[in-house]
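What follows is a set of notes on a single structure, which appears directly below.
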Amino acid sequence: KAGAEQPAAGPRAPVLLAAPSKAPCKPAVFIPVDRSPEIQEARLKLPILAEEQVVMEAINDNPIVIICGETGSGKTTQVPQFLYEAGYARDSILGKTCIIGITEPRRVAAVSMSQRVAKEMNLSHRVVSYQIRYEGNVTDETQIKFVTDGVLLKEIQKDFLLSKYKVIIIDEAHERSMYTDILIGLLSRIVPLRHKKGLPLKLIIMSATLRVEDFTANTRLFSAQPPVIQVDARQFPVTVHFNKKTPLDDYSGECFRKVCKIHRMLPAGGILVFLTGQAEVHSLCRRLRKAFPYQKNNTQCKVTCVPLLMCCFHLPSLSQTLPKIDLNNYSVLPPDEGDEDRDIDSDDDAAGSDLDLDLGDGDSEGDEKSDSSLPLYVLPLYSLLAPEKQAKVFRPPPPGTRLCVVATNVAETSLTIPGIKYVVDSGREKRRCYDRITGVSSFRVTWVSQASADQRAGRAGRTEPGHCYRLYSSAVFMDFEKFSAPEITKRPVEDLILQMKALNIEKVINFPFPTPPPTEALAAAEELLIALGALKEPPTTGRLNQQLAAKLSCPISPLGRVMATFPVAPRYAKMLALSRQHQCLPYTITIVSAMTVRELFEELDRPAGSEEEAAQLKGRRARFLQMQKVWAGQGPMQKLGDLMVMLGAVGACEYSGCTQEFCEQNGLRHKAMLEIRRLRGQLTTAVNSVCRDAGLYVDPKMKPPTEAQVTYLRQIVLAGLGDHLARRVQAEELLDDKWKNAYKTALLEDPVFIHPSSVLFKELPEFVVYQEIVETTKLYMKGVSAVEPEWIPALLPAYCHFGKPLESPPPSYCPGTGRVHCHRPSVFYRVGWQLPAVEVDYPPGIDRYKHFARFLLEGKVIEKLSSYSQCLLSSPLIMLKTWSKLQPRTEALLQALVQENCDNRDALVAAWKKNPKCNLPGIIGVGMGSSAWKSLRKGANPLTGLEPGGGTRAGGRAAARQRRPGGRGAGSYLQPESPFSPAEIAQLGER
DNA sequence: GAGCACTGC
């Protein structure tokens with residue numbers, strides 16, 4: 001195994017793009033594994049096994065290796081075993097165990113791969129384990145660990161060097177998931193760092209395609225080009241048939257016709273159809289069921305009518321014992337033969353060999369007629385389908401029927417359906433598209449990439465040779481993009497940027513992304529995080545280009561560190577960070593969980609397949625609408641809007657035990673509710689670990705929030721969704737009918753509307769915040785909550801431009817904070833909406849000193865002074881006059897305050913404390929012009945001799961809590977800053 | 001007055 005000297009040789013020499021550097025010869029290590037004979041035999045059939053030596057030599061000689069192999073090469077299950085056997089789970093020097101880590105982009109894959117490898121190696125799951133978001137079975141003995149990519153990213157936050165690992169394998173790197181890309185970027189730096197420390201870490205990147213130039217040709221990523229090893233796949237050949245014509249609209253109808261033909265004319269084998277969405281899937285299912293009815297009770301096999309169909313459809317295990325159908329000798333002439341393009345691979349085959357299986361483009365008649373002689377077992381498949389309904393596709397279809405699965409993209413990567421011989425590919429997919437500037441998303445049906453189409457075709461060759469029918473011409477195919485763009489380039493990246501800043505990567509723009517996100521996306525993310533207070537604000541002075549440079553390299557703030565520990569979107573993390581007031585945390589955790597989990601409510605608006613189903617759907621819709629009203633609460637609570645509905649729904653669901661029945665009856669998606677429960681658990685733990693005294697737990701019998709709490713929750717939501725504020729268009733702006741009931745947002749020119757499914761659809765509050773805008777027929781806001789206008793400047797100062805302090809109401813001294821307050825009018829950024837004047841800190845500057853001096857003289861700052869205010873020679877209001885009008889004594893006071901930076905109580909006390917001998921008290925005395933103050937000249941200690949105003953001197957934090965921005969209705973305002981203590985935040989900073 | 005593919009912390 002350690003024969004590193006032997007050059008790789010063999011009939012299929014792997015591609016080595018870079019010559020490996022020779023490493024010093026190490027003694028051979030071999031850890032025995034006790035595999036069962038059956039497993040041993042099965043392994044030997046895997047193509048990767050033939051390459052074990054090559055793979056291990058490359059890994060031995062290089063810190064970073066790329067392995068390319070299609071699905072079926074066995075790389076995911078075998079490479080970890082190679083490494084284990086070669087001793088990579090053991091530290092040769094210390095004799096300790098180390099970990100071989102493998103990342104997967106999906107939870108199910110991490111779990112199932114760990115189970116399979118454990119079984120193959122005959123090892124306990126204590127040794128071969130997994131860790132995913134909510135669960136894992138990792139122990140001290142774990143040596144092979146499968147994780148989801150996000151889990152590894154979190155581990156890097158705790159231990160940047162990943163010191164427990166000796167190897168990291170990034171699996172499915174070709175999928176280019178956001179976390180995979182970031183991990184590769186981070187590991188490109190961690191690997192050399194570990195090398196410097198003398199604790200080398202191996203990185204193996206595994207990809208199904210050969211599109212690895214983003215990794216190999218990117219010198220910023222890897223300065224030395226890593227070797228690429230190519231491994232064969234064990235797949236059955238799939239013949240690809242292109243349509244001659246490409247239907248532009250009715251691809252769904254074309255799918256129908258193609259399935260009909262396959263089913264009528266071609267031998268046994270499951271059919272898999274790729275469409276774009278739920279509605280299409282259901283509609284095609286209905287049509288196919290109508291054309292080939294399958295009665296549950298009538299399982300009698302009717303093959304006699306159809307000589308070409310065999311009884312044993314879709315039973316791969318039995319197919320061995322049945323006569324094999326030779327595809328080349330099989331012959332049925334399609335009705336419109338000669339109408340098609342040639343097979344792409346017909347050049348290699350005997351002429352016309354596969355032409356038989358070409359079925360021609362659509363347009364044949366009579367397909368819609370019900371044909372009871374051909375039972376077809378039609379099943380829908382999409383991600384949001386209930387798991388028990390999804391599971392049906394994995395079971396063999398009833399005897400005498402042919403399986404036909406109508407699926408969305410789930411069947412392309414996430415789920416593998418057994419027994420598929422025919423793939424019908426519409427060539428389209430539905431994608432979520434984001435507007436980079438406005439963040440508005442829309443769903444668009446687009447052509448897939450060539451890689452995607454090939455992946456779909458491959459689904460036909462998993463158990464035997466198969467056929468793929470593409471409902472588009474080869475010319476159209478050639479116009480497809482080769483690969484779909486990496487996720488990181490197409491999505492908002494604020495969550496990612498926050499994670500990176502938490503790793504102290506400040507200049508995000510310099511990060512070695514395999515493919516960087518667009519600069520606008522980075523700028524938008526940085527801007528949002530600054531507005532949320534997660535990043536320190538860049539300087540607004542200095543040279544313009546310096547300012548610009550600083551703009552994309554802001555360091556994380558203490559609040560940002562708190563936010564980064566919550567595994568949710570930054571807007572939601574901000575809500576959590578603000579909720580440690582008025583016992584709001586359990587509610588915010590629930591709302592944030594509900595907003596994070598997609599599609600809480602079941603889709604009940606779909607067209608029904610039968611009258612019976614239609615009646616049932618109608619009943620369920622009515623029931624849901626009724627429940628929605630209940631969950632929306634009463635009176636002022638309704639203003640929390642759709643978020644109140646979410647809170648109510650989760651509360652009610654948990655109260656009833658979160659059963660399948662409750663969910664079904666009330667229009668809730670059971671799977672979503674279970675996910676929310678787990679997320680609540682995770683967030684509760686995360687919050688508890690930040691605030692040690694929170695003592696939170698997930699209460700299934702959580703009481704509804706009080707009216708006051710709902711008001712705070714609305715403010716919390718506003719603070720997180722500040723950039724998602726919308727204002728109803730005013731009557732005078734209603735020039736065009738298209739603005740009827742419309743709202744305006746800061747970033748969009750076009751009108752936006754409250755989505756009709758929202759409980760606030762008819763309410764039309766003046767200001768709302770929304771969870772997201774989705775563009776369909778119009779721009780619709782979803783997840784809507786009403787906002788009071790005076791909250792906006794109080795809670796979103798970052799988005800407001802403030803005017804001069806008002807004279808009425810006059811500036812005042814706030815005993816709670818020891819600062820000068822005033823009322824300032826403001827406008828909302830970009831759109832200039834006038835907002836009510838609210839009480840805020842007096843803006844910094846000379847006037848703030850003047851007001852402070854005045855309140856000081858009036859005895860409001862330090863209580864003991866108040867008894868002397870009678871003795872003053874002139875009114876303290878004199879302080880507010882312009883410099884020139886000041887008398888020498890008042891001028892001296894003002895100058896002294898400015899010199900010591902004392903424009904608030906805390907600063908004054910601090911200055912005094914720092915230098916008890918300073919002449920401030922004396923100057924105050926002079927300033928007041930009263931002989932009664934002479935005693936102060938001696939420098940009496942203000943901490944003992946004088947009581948600051950506002951009664952007991954409260955700690956900074958408690959004092960801050962008393963602050964009520966907005967000033968009216970004490971108790972109804974939220975404290976806008978993070979209510980975490982400096983100690984708590986410091987502790988986070990150490991990580 | 002409505003139609004959302006797929007994932008990860």
Side-chain angles (χ1 to χ4, degrees), chain A residues 103-110 131-136 147-158 172 175-183 274-283 381-385 407-415 426 428-433 441-446 448 452 455 484 487-488 490-491 495-496 498-499 502 563-570 572-573 593 596-607 621 625 669 675 678-679 682-683 685-686 740-741 753-758 761-762 772-782:
Chain A
T103 72
E104 294 291 332
R106 279 168 292 280
R107 293 180 200 154
V108 268
Q131 179 67 51
I132 59 174
R133 182 164 190 161
Y134 304 113
E135 58 178 68
V147 296
T148 35
D149 43 19
V151 166
L152 193 68
L153 188 62
K154 283 276 162 187
E155 287 192 18
I156 291 179
Q157 269 179 25
K158 293 189 195 110
E172 314 279 11
E175 287 189 22
R176 304 296 305 273
S177 82
M178 194 168 72
Y179 288 144
T180 294
D181 271 21
I182 293 303
L183 282 176
F274 282 101
L275 279 174
T276 72
Q278 271 188 58
E280 272 175 19
V281 164
H282 279 297
S283 131
L381 183 67
Y382 47 87
S383 168
L384 287 175
L385 191 69
T408 61
N409 254 346
V410 251
E412 192 181 304
T413 46
S414 305
L415 298 173
S426 68
R428 275 111 168 154
E429 68 184 341
K430 196 173 283 174
R431 270 187 221 169
R432 186 174 193 151
C433 305
S441 58
S442 57
F443 290 86
R444 290 192 193 138
V445 173
T446 61
V448 297
S452 227
Q455 172 80 8
S484 5
E487 190 192 5
I488 200 167
K490 298 195 298 187
R491 264 184 46 158
D495 47 352
L496 208 72
L498 181 60
Q499 295 306 315
M563 285 165 59
T565 64
F566 301 140
V568 288
Y572 303 160
S593 301
T596 301
V597 172
R598 64 173 187 148
E599 301 300 315
L600 265 53
F601 307 112
E602 220 172 318
E603 171 71 42
L604 297 172
D605 285 334
R606 60 169 188 269
R621 267 198 297 270
L625 287 173
R669 262 185 64 234
E675 180 83 8
R678 300 207 279 180
L679 187 49
Q682 196 192 19
L683 293 179
T685 310
K740 196 184 164 201
N741 295 338
F753 299 86
I754 296 180
H755 193 273
S757 67
S758 168
F761 177 60
K762 286 180 180 154
E772 58 169 356
I773 293 183
V774 178
E775 182 173 12
T776 53
T777 51
K778 287 176 177 175
L779 293 166
Y780 282 112
M781 296 183 277
K782 296 187 138 187

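A, B, ... follow the sequence lines: proteins, then strands. Residue 1 opens every chain.
- Not counting sequence neighbours, the partners of Q682(A) by the side chain to side chain donor-acceptor pair (under 3.5 Å) test are R133(A).
- Using a 4.0 Å heavy-atom criterion, one finds that R428(A) contacts no nucleic acid atom at all.
- No engagement by F753(A) is indicated, since no non-hydrogen atom pair under 4.0 Å with the nucleic acid exists.
- Residue R598(A) is in base contact, counting any heavy-atom pair closer than 4.0 Å across all strands shown.
- The side chain of V151(A) sits closest to dC9(B) out of dG1(B), dG8(B), dC9(B).
- When heavy atoms are screened at a 4.0 angstrom cut-off, S383(A) is found touching the sugar-phosphate backbone but no base atom.
- Nucleic acid contact for E487(A): base, since at least one base atom lies under 4.0 Å from a heavy atom of the residue.
- Salt-bridge check for E280(A) with R428(A): failed, with every basic side-chain N at 4.0 Å or more from each acidic carboxylate O.
- Residue-level contact check: T413(A) touches neither bases nor backbone, having no heavy atom under 4.0 Å from any strand.
- E772(A) comes within 4.0 angstrom of a nucleotide base, judged by non-hydrogen atoms across all strands.
- Within 4.0 Å (heavy atoms only), S757(A) reaches no atom of the nucleic acid at all.
- Counting any heavy atom pair closer than 4.0 Å across all strands shown, K778(A) reaches no nucleic acid atom.
- Using a 4.0 Å heavy-atom distance criterion, E599(A) is classed as a base contact.
- With salt bridges taken as basic N to acidic carboxylate O contacts below 4.0 Å, one links R107(A) and E675(A).
- Atom P of nucleotide dT7(B) and atom CG of D181(A) are separated by 18 Å, given to the nearest angstrom.
- Within 4.0 Å of R106(A), counting heavy atoms only, lie sugar-phosphate atoms of the nucleic acid but no base atom.
- Between dT7(B), dA2(B), dC9(B), one nucleotide has an atom nearer to the side chain of R491(A) than all others, and that is dT7(B).
- Taking F601(A) as the reference, F624(A) meet the ring-ring contact (aromatic ring centres under 6.0 Å, His included) condition, with sequence neighbours excluded.
- Applying the 3.5 Å distance criterion, the base of dG8(B) shares no donor-acceptor pair with the side chain of D149(A).
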